[in-house]
Amino acid sequence: MEMVLDILSWFFLLAGSAFCLIGALGLLRMPDVYTRLHPVSVIETLGMGGIILGLLLQAGFTLVAAKLIIIAALILLTAPVATHALAQAALHAGILPKLDHDKTGGHIAGEDEPSNS
Amino acid sequence: MMMFAVATIAVLITIAMVLARAILGPSLFDRVLAGNTVGSLAVLTLALIGFVTGRPEFLDIAILYTLLNLIGTIAVLRYFKMAQPVNPEQAKD
Amino acid sequence: MLSGHYNVLLLVIGALCSLGVVALASRMAVVDKEGHPIYLLGRALWFWPWLIWEIIKAGIDVSKIILSPSLPISPTLINVRASQKSAVGIVTYANSITLTPGTVSVELEDDEITVHAITRAGADDLAEGHMDRVVSRFEGEGAL
């Protein structure tokens with residue numbers, strides 16, 4: 001039983017670390033601000049989730065586990081808020097995303113006149 | 001113990017790569033994004049260090065840091081969103 | 001509760017503090033229906049696992065894109081319509097979009113969300129409206 005928990009914990013910790021590294025690599029490779037938001041959400045969901053889950057399996061049913069669950073829930077609640085605020089601020093600052101396909105018909109919600117992006 | 005150390009090293013390498021983006025970042029928003037990401041990764045590092053050293057008190061700091069990270073990011077974005085259009089004349093001086 | 005100390009004195013002081021904060025908050029009239037949508041808790045129990053599964057699938061897709069040497073991205077902006085009725089439902093939908101790797105909600109107005117997707121396929125999946133329907137069911141009739 002102990003052995004199985006250890007192996008699972010190893011697996012989740014390594015998966016989380018791998019997703020963190022992949023996300024950082026993506027952050028370095030992506031061409032513009034809006035595409036860079038996506039690797040960051042990989043880090044903040046899968047990387048964080050994997051590492052916290054790995055720690056959770058080591059902690060067992062203790063106070064430490066409760067704190068870990070609180071940390072995971074807080075990150076999952078606050079990360080999209082920060083990401084959305086960042087994207088909105090970048091759009092309002094006039095930085096237009098590099099697009100392959102624009103399906104909005106030039107209309108962005110929240111703007112009155114259509115903009116040609 | 002070993003696996004916590006491995007994960008901690010991986011997260012630290014990730015922080016270094018994100019910091020590289022913060023230094024390279026062509027625009028302001030890249031830097032804010034990198035700062036936010038470093039904050040989230042710092043929370044992970046705190047939790048992992050707590051396990052490596054066997055002192056779970058670090059988790060309390062991690063909870064606090066999660067909340068401060070969001071407030072910090074929003075505050076910086078608010079500042080730059082508001083600061084530019086308010087007084088265009090002053091910017092010319 | 002998280003410190004691990006459980007004296008009677010500390011628990012009583014904590015309870016008094018909580019009551020004081022609730023009293024202050026209701027005097028300031030910040031307690032309303034949106035504050036703590038506890039009626040959603042039952043449906044949340046199956047909504048959250050579904051969302052986590054979606055996040056895992058999308059995250060693996062984005063990881064594949066990052067790791068492939070040619071970086072096959074096709075960034076797309078798209079407007080999607082949120083069919084939820086209450087503010088809680090729309091915010092849940094926007095947050096679910098942002099939380100899923102590969103799609104970020106950029107702008108939000110009334111019931112229209114502008115989404116930036118990293119690939120065209122991701123945007124098409126979102127436009128199909130599966131997530132929209134699931135969040136609508138999650139919201140249900142109980143909201144507002």
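Note on naming: letters A, B, ... go to the chains in the order of the sequence lines (proteins, then strands), and numbering restarts at 1 for each one.
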So which part of [X] gets closer than 4.5 Å to some heavy atom of chain A, the side chain, the backbone, both or neither?
| X | result |
| --- | --- |
| B:L41 | side chain |
| B:F51 | side chain |
| B:V11 | side chain |
| B:L67 | side chain |

Find the distance between [atom1] ([X]) and [atom2] ([Y]) and round it off to the nearest 0.5 Å.
| X | Y | atom1 | atom2 | result |
| --- | --- | --- | --- | --- |
| A:C20 | B:I13 | SG | CD1 | 11.0 Å |
| B:D60 | A:K67 | CG | NZ | 4.0 Å |
| B:D30 | A:D32 | CG | CG | 8.5 Å |
| B:I63 | A:I71 | CD1 | CD1 | 5.0 Å |
| B:N69 | A:L74 | CG | CG | 11.0 Å |
| A:R36 | B:T37 | CZ | OG1 | 11.5 Å |

For the residue pair A:L55 and B:A47, what are the closest heavy atoms and their distance? CD1-CB, 4.0 Å

From the options B:N36, B:V76, B:L77, select the one residue that forms a side-chain contact (heavy atoms from CB on, under 4.5 Å) with A:L86. B:L77

Evaluate side-chain contact (heavy atoms from CB on, under 4.5 Å) for A:I52 paired with B:L44, printing each intermediate quantity in order. CA-CA 8 Å; A:I52 298 268; B:L44 284 183; 4.1 Å; yes

Per-residue tally against chain A (heavy atom, under 4.5 Å) across B:I74, B:T73, B:L59 peaks at B:L59

Assert top hit (heavy-atom pairs under 4.5 Å, partner chain A, pool B:L48, B:V6, B:V43) equals B:L48

Using heavy-atom distances under 4.5 Å, tell me whether [X] contacts chain B through its side chain, its backbone, both, or neither.
| X | result |
| --- | --- |
| A:L28 | both |
| A:I51 | side chain |
| A:I22 | neither |
| A:L77 | neither |

Hey, is CZ on B:F58 packed in by over 12 heavy atoms from elsewhere, all under 6.0 Å? yes

If you count the non-hydrogen atoms of other residues, nucleotides and ligands that lie under 6.0 Å from OH in B:Y65, is the total more than 12? no

I need the residue from A:P39, A:A59, A:A90, A:G23 with the largest number of non-hydrogen atom pairs under 4.5 Å to chain B. A:A90

